[in-house]
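Here the structure comes first, spelled out in C-alpha cells, and everything after it is commentary.
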Amino acid sequence: MQEELFIGGRWRPASDGARITVLDPATAETLTTVANGTVEDGLAAVDAAAAALPGWAATAPRARADILLRAFTLMHERADELATLIVRENGKALPDARAELNYAAEFFRWYAEEAVRVAGTVQTAPGGANRILVLRQPIGVSVLVTPWNFPAAMATRKIGPALAAGCTVVLKPASETPLTALAIAEILAEAGAPAGTVNVVPSTRSGPMVSAMLNDPRVRKLSFTGSTEVGRTLLATAAESVVSTSMELGGNAPFLVFDDADLDAALDGAMIAKMRNGGQACTAANRFFVQRGVAEEFGRRLAERMSALRTGPGIDPTVELGPLVNAAAVAKVSELVDETVAAGARVLTGGKRPDGPGFHYPATVLADVPADADILGEEIFGPVAPIVIFDGEADAVRHANNSEHGLVSYVYTGDLARGLRLAEALESGMVGLNRGLVSEPAAPFGGVKQSGLGREGGHEGLLEYTESKYVAVTW
Ligand code: NAD
C-alpha cells in the first residue's frame, strides 16, 4: 500500500513530515497515515508536471493510448485488492466498490480509444481568400481535485482524458480517501506513464496548496469534482490567473414516478438511484415526486426493499449498505431526518441511528413530506428517500426544477412521448428516462445551473483538456 506523495515518479514524505490520519468508517478506528502535502510539495508536483509536459505532449497518441490500456488491464488484475482498499477507506459496501472499480477502469479504456481520435478541422473562409485550419492542442499542466465518494472513478475520469489529450497532471485526492488515488498512480507508473506525467499530492492543506498551484502560470487547467460551495471558491481563485475550469459539483436529483409507470422498474431504478454508494453520490435521487395514484404503493414497496438491505461493515461481502464516510455525515443526515419528521413526514422505515461503533445510518423512507421541507433543498448524501406527492405533469416539472442544482433527473413513465417531453423540460445536464443509472464513460456527464461547468466522459471529456488553435492559411 502506497502512503507517501508521488511526485516526479518518486515516492516521498511531505516536506514538513506531516501525516494525514485515514479512518476506517466501519469502525471509526485509524486505518493508517498518509503523507500530508505542503504548499511546497504541491509546487514541486507542478515542477514535475511542467518538466514532463513537452515530452508527453509529443508522445504519439498510440503510445499514450497503450499506456492507458495497460493501466485498464492492471486495474482489473488487481480488482480485489483495489476494491478492498476502497471499502477500507471509504466504507462503501464491497459490491459498490467492485462496481466503482469497473466503472473507474473503463475511463482508461475509453480514453485509450479516444486518444487516437483527436481531430482538427479545415474549412474555406466564407470570403474565399484563405483556409481556416483548427488544431486541437493539449491545454497543459492540469490540477485535478477529487472527492471521497468515488475515490477511484473520480480520479480516472480526469486522469484518463488528460493523459489522452497529452496533458500532465497533479491530483489532489480527498483527505478521507487518499490511498486509492495513490494506488492508481502506482498502476499508471507500472503501465509506463513517464515520471512527472501523473503526480498525486494528498493534503489537508488543500485551500493554500490548490490556490498556490492555480497561481502558478504553468498551470492551465483546473478540473474539480466536489461540493458546489468549494467549487465557487475555486472558480474565484482560478479567475485570478484566468485558468480554464471544469466543475462537477453537487446535485439534488428529482426522481419522478408517474401513475402509468412500470412500478417494478421504477422501484428497481429507485434502489440504484438512491442507494448506490449508500446514497453518497452526486447523482443520488434526493427528492422523490410520486403521482398521487401510486404514491402509497410506491412508498410501501420502496420501504420493503430498503428495510431488507443487509447493513454493516462494507468489507463483509453479504453487506449491501455500509457506513457513511464520517461522523459529520451521520450527524447531518440524522438532523435532516429529524427535522422532516417534525415537519409532518411519516417514517416508513429507518430513521433511527443504530448504537455501536462506526458511522452507520439505516436505509430510511419518509412519506408525506411537505413540498417546502428543508430536506428537499440540499444534498442529503445518505440513504434517505423523502417522498412528495404530485398531481399533474406541470406540477411535477415545477417541483423538479425548483432547485439551484441541475445535475441529473430521473423520470419513470409508460408514455414515451411524455418522457421525452419531460427530458426536454427538466433543468439538468442528464436525464435517466426509465433508468436509475446514468453514469457511463462514453457519455457526457455533467450538470447545469450550480451543478457545474463542462462535461466529463465521452468525447467532450477529452476536449476539456485541449485548446483550439486557429491558423489562417493562404495556400
Ligand atoms: P468537497 O467539496 O468538500 O471536497 C472535494 C475536494 O475538494 C476534496 O479533495 C477536498 O479536500 C477539496 N477541497 C476542500 N476545500 C478546498 C479548498 N478550499 N480548496 C481546494 N480544495 C478543497 O466535497 P466532498 O465532500 O469530498 O464530496 C462530496 C461532494 O462532491 C458532493 O457535493 C457531491 O455532489 C459532489 N460530487 C459531484 C460529482 C459530480 O460529478 N458532479 C461527483 C461526485 C461528487
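Nothing fancy with the numbering, it's 1 onward along the sequence. Numbering of ligands and ligand atoms starts at 1, following listing order.
- Donor-acceptor pairing under 3.5 Å is recorded for the side chains of N215 and S241.
- When only modelled atom types and interatomic distance are considered, S15 and T38 share a side-chain donor-acceptor pair under 3.5 Å.
- Checked against a 6.0 Å centroid threshold, the rings of F445 and W110 do not count as neighbours.
- Ligand 1 has a nitrogen or oxygen under 3.5 angstrom from a nitrogen or oxygen of E379.
- At least one heavy atom of P173 sits closer than 4.0 Å to an atom of ligand 1.
- Closest to atom 21 (N) of ligand 1 among all protein heavy atoms lies S206 CB, 3.6 Å.
- Using a non-hydrogen distance threshold of 4.0 Å, M247 does not register as a contact of ligand 1.
- In terms of protein heavy-atom proximity, atom 42 (C) of ligand 1 is closest to C282 SG, 2.9 Å.
- Across the listed options S211, G226, A181, G226 owns the non-hydrogen atom lying nearest to atom 35 (C) of ligand 1.
- With hydrogens left out, the protein atom closest to atom 40 (O) of ligand 1 is R157 NH2, 2.7 Å, a heavy atom.
- Residues Q450 and T228 have side chains that never bring a donor and an acceptor to within less than 3.5 angstrom of each other.
- Stacking of K172 on the aromatic ring of F224 is not recorded, the 6.0 Å distance cut-off and the 45° axial limit not both being met.
- Taking the six-membered ring where the residue is Trp, the centroids of F289 and F390 are separated by 6.0 Å or more.
- The protein heavy atom nearest to atom 12 (C) of ligand 1 is V145 CG1, 3.8 Å.
- Looking at M209 against ligand 1, nothing comes within 4.0 Å, counting heavy atoms.
- A side-chain donor from one of S409 and S428 sits under 3.5 Å from a side-chain acceptor of the other.
- Within a 4.0 Å radius of atom 24 (P) of ligand 1, the protein contributes one or more non-hydrogen atoms.
- The protein non-hydrogen atom at the shortest distance from atom 8 (C) of ligand 1 is T146 O, 3.3 Å.
- Under 4.0 angstrom from ligand 1, there are no non-hydrogen atoms of E456.
- Where the criterion is an N or O separation shorter than 3.5 Å, residue side chain and backbone included, N149 fails it with respect to ligand 1.
- When ring centroids are compared, F72 and F107 stay outside the 6.0 Å threshold.
- In this structure, W148 is part of the shell of residues with a heavy atom less than 4.0 angstrom from ligand 1.
- Taking 4.5 Å as the limit, some side-chain heavy atom of R287 sits within range of a side-chain heavy atom of S403.
- The backbone of L249, and not its side chain, has at least one atom closer than 4.0 Å to an atom of ligand 1 (non-hydrogen atoms only; backbone = N, CA, C, O).
- Contacts of T225 with ligand 1, taken as heavy-atom pairs under 4.0 Å, involve both backbone and side chain.
- Contact annotation: for F150 versus ligand 1, there are no heavy atoms closer than 4.0 Å.
- Of all protein heavy atoms, the one lying nearest to atom 33 (C) of ligand 1 is F381 CZ, 3.4 Å.
- Contact check on E427 versus K449 returns a salt bridge, with a Lys/Arg side-chain nitrogen under 4.0 Å from an Asp/Glu carboxylate oxygen.
- Using modelled atom types and a 3.5 Å distance limit, the side chains of T32 and E3 yield a donor-acceptor pair.
- T233 does not count as a contact of ligand 1, since none of its heavy atoms falls under 4.0 Å from the ligand.
- When only non-hydrogen protein atoms are considered, atom 27 (O) of ligand 1 lies nearest to P147 CB, 3.3 Å.
- Atom CG in L234 sits 9.5 Å away from atom OG1 in T245 (nearest 0.5 Å).
- Interface of V230 with ligand 1, defined as ligand atoms under 4.0 Å from a residue heavy atom, comprises 2 (O), 13 (N), 14 (C), 15 (N), 16 (C), 17 (C), 22 (C).
- By the criterion of a heavy-atom distance under 4.0 Å, the side chain of L407, and not its backbone, is placed next to ligand 1.
- Atoms of ligand 1 found under 4.0 Å from any heavy atom of V210, numbered from 1 in the order shown, are 20 (C).
- Between the CG atom of D24 and the OG1 atom of T27 there is a distance of 3.5 Å, given to the nearest 0.5 Å.
- Of all protein heavy atoms, the one lying nearest to atom 10 (C) of ligand 1 is K172 NZ, 3.9 Å.
- No hydrogens or angles considered: nothing links the side chains of K352 and S334 as a donor-acceptor pair under 3.5 Å.
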